[in-house]
Amino acid sequence: MTDLSSIITSINGSANKSSSATQTLSADMDTFLTMLTTQLQYQDPLDPMDAAEYTNQLVQYSNVEQAIQTNTKLDNLLNLSIYNLGVQASTYVGKTVQAIGDMMPLDGGVGKATYTLSKNVSECTIVVKDANGNVVYNTIGENSAGAHDFVWDGKNSAGEQLPDGAYQIVVNTTVPSGETSAAVTTTVFGRVTGVASDDSGIYLGLGDAVTSTLDYVVTSRDENYWKELIAELKKEDGSSSENSNILEEIKSQIA
């Protein structure tokens, strides 16, 4: 993704459309006035043409011209707004943002998301799926109401490291019989790698495989956040491995 290039292209396209409409109307007006003066020059003095009809057509042309000018000004305001949003979005590049959604980028072997439960539940299971919809990892989640973090080391259920990319996080809950189900809202974290736009809005690239619209962003972190997250996760993995080795050594000595 390239910063602002697609946004500027979209703005230029809108400006070209407005300019084309104005040029077409101007050409039509010139043609109409030429025909009008020619007909007036050769009209029969005893049977003159209806001046009211020509006047009505001139008024209609004038109304159309004013409408096009109004639309052009509105397009200019809209383009300026889009450009300003694009500039705002470009400030996120390199930072980590939290956005509403369930597509989580695995970037540098780490993924992070949050899930919010509207009420306490009996059980909560977090499922991670790959781009093909295959379940690659699952774990037990917190079952209390409120927001909870989920940090994933990118390993599947067999302990194998998966490649960076887009993964879906699905939170399944169960509640006691007779109770209404809990509402679940998920957000994902991602390092912003670029900005793009189309007719639907402005998008941020999260990692190398996930996009989010600008209006779905809820928080942002500084440039060091993702590096620190990776370092912390590797530190925890190292501690787990060290503890496992110590345990194995103790077991061998006892044996």
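Position 1 is the first residue of the sequence; numbering continues from there. Predicted, not measured: the structure shown is a model, and the values here were computed from it.
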Original post:
Got a sec: does the CG of N120 have more than 12 other heavy atoms crowding it under 6.0 Å?
Top reply: yes
Original post:
Can you tell me if OH on Y216 sees more than 12 non-hydrogen neighbours from other groups inside 6.0 Å?
Top reply: no
Subject >> Donor-acceptor pair, side chain of D222 and main chain of Y225, under 3.5 angstrom >> reply: yes
Original post:
Are the side chain of E142 and the backbone of C124 linked by a donor-acceptor contact shorter than 3.5 Å?
Top reply: no
Do [X] and [Y] have side chains that approach each other closer than 4.5 Å (heavy atoms only, starting at C-beta)?
{"X": "I126", "Y": "Y115", "answer": "yes"}
{"X": "V217", "Y": "Q98", "answer": "no"}
{"X": "L206", "Y": "V192", "answer": "yes"}
{"X": "V195", "Y": "L204", "answer": "yes"}
{"X": "D149", "Y": "K112", "answer": "yes"}
{"X": "V170", "Y": "D102", "answer": "no"}
{"X": "K119", "Y": "L117", "answer": "no"}
{"X": "V171", "Y": "T186", "answer": "yes"}

Taking all heavy atoms of [X] and all of [Y], pick out the closest pair and write down the distance.
{"X": "Y92", "Y": "S220", "result": "CE2-CB, 3.7 Å"}
{"X": "G207", "Y": "T193", "result": "O-OG1, 2.7 Å"}
{"X": "A113", "Y": "M104", "result": "CB-SD, 4.0 Å"}
{"X": "Y137", "Y": "K155", "result": "CD1-O, 3.6 Å"}
{"X": "S212", "Y": "A99", "result": "OG-CB, 3.3 Å"}
{"X": "A183", "Y": "S118", "result": "N-OG, 2.8 Å"}

Hey, what do you get for [atom1] ([X]) to [atom2] ([Y]), rounding to the nearest 0.5 Å?
{"X": "T173", "Y": "E123", "atom1": "OG1", "atom2": "CD", "value": "10.0 Å"}
{"X": "D130", "Y": "L106", "atom1": "CG", "atom2": "CG", "value": "11.5 Å"}
{"X": "N172", "Y": "S181", "atom1": "CG", "atom2": "OG", "value": "11.5 Å"}
{"X": "I169", "Y": "T114", "atom1": "CD1", "atom2": "OG1", "value": "8.0 Å"}
{"X": "Q161", "Y": "D164", "atom1": "CD", "atom2": "CG", "value": "8.0 Å"}
{"X": "N156", "Y": "N134", "atom1": "CG", "atom2": "CG", "value": "11.5 Å"}

**OP:** Applying ring pair (Phe, Tyr, Trp, His ring centres under 6.0 Å), run through Y167 and W152 and close with a yes or a no.
**Re:** CA-CA 11 Å; Y167 294 84; W152 182 44; 5.2 Å; yes
Original post:
Are E223 and R191 close enough for a salt bridge, meaning some N to O gap below 4.0 Å?
Top reply: no
Linking I/L/V/M/F/W/Y whenever their side-chain heavy atoms sit closer than 4.5 Å, directly or via other members, would [X] and [Y] fall into one cluster?
{"X": "I100", "Y": "V97", "value": "no"}
{"X": "L214", "Y": "M103", "value": "yes"}
{"X": "V210", "Y": "V127", "value": "no"}

**OP:** For side-chain contact (heavy atoms from CB on, under 4.5 Å), just list the numbers for D153 and V110, CA-CA rounded to whole Å, side-chain angles, deciding distance to a tenth of an Å, and then say yes or no.
**Re:** CA-CA 5 Å; D153 61 5; V110 61; over 6 Å; no
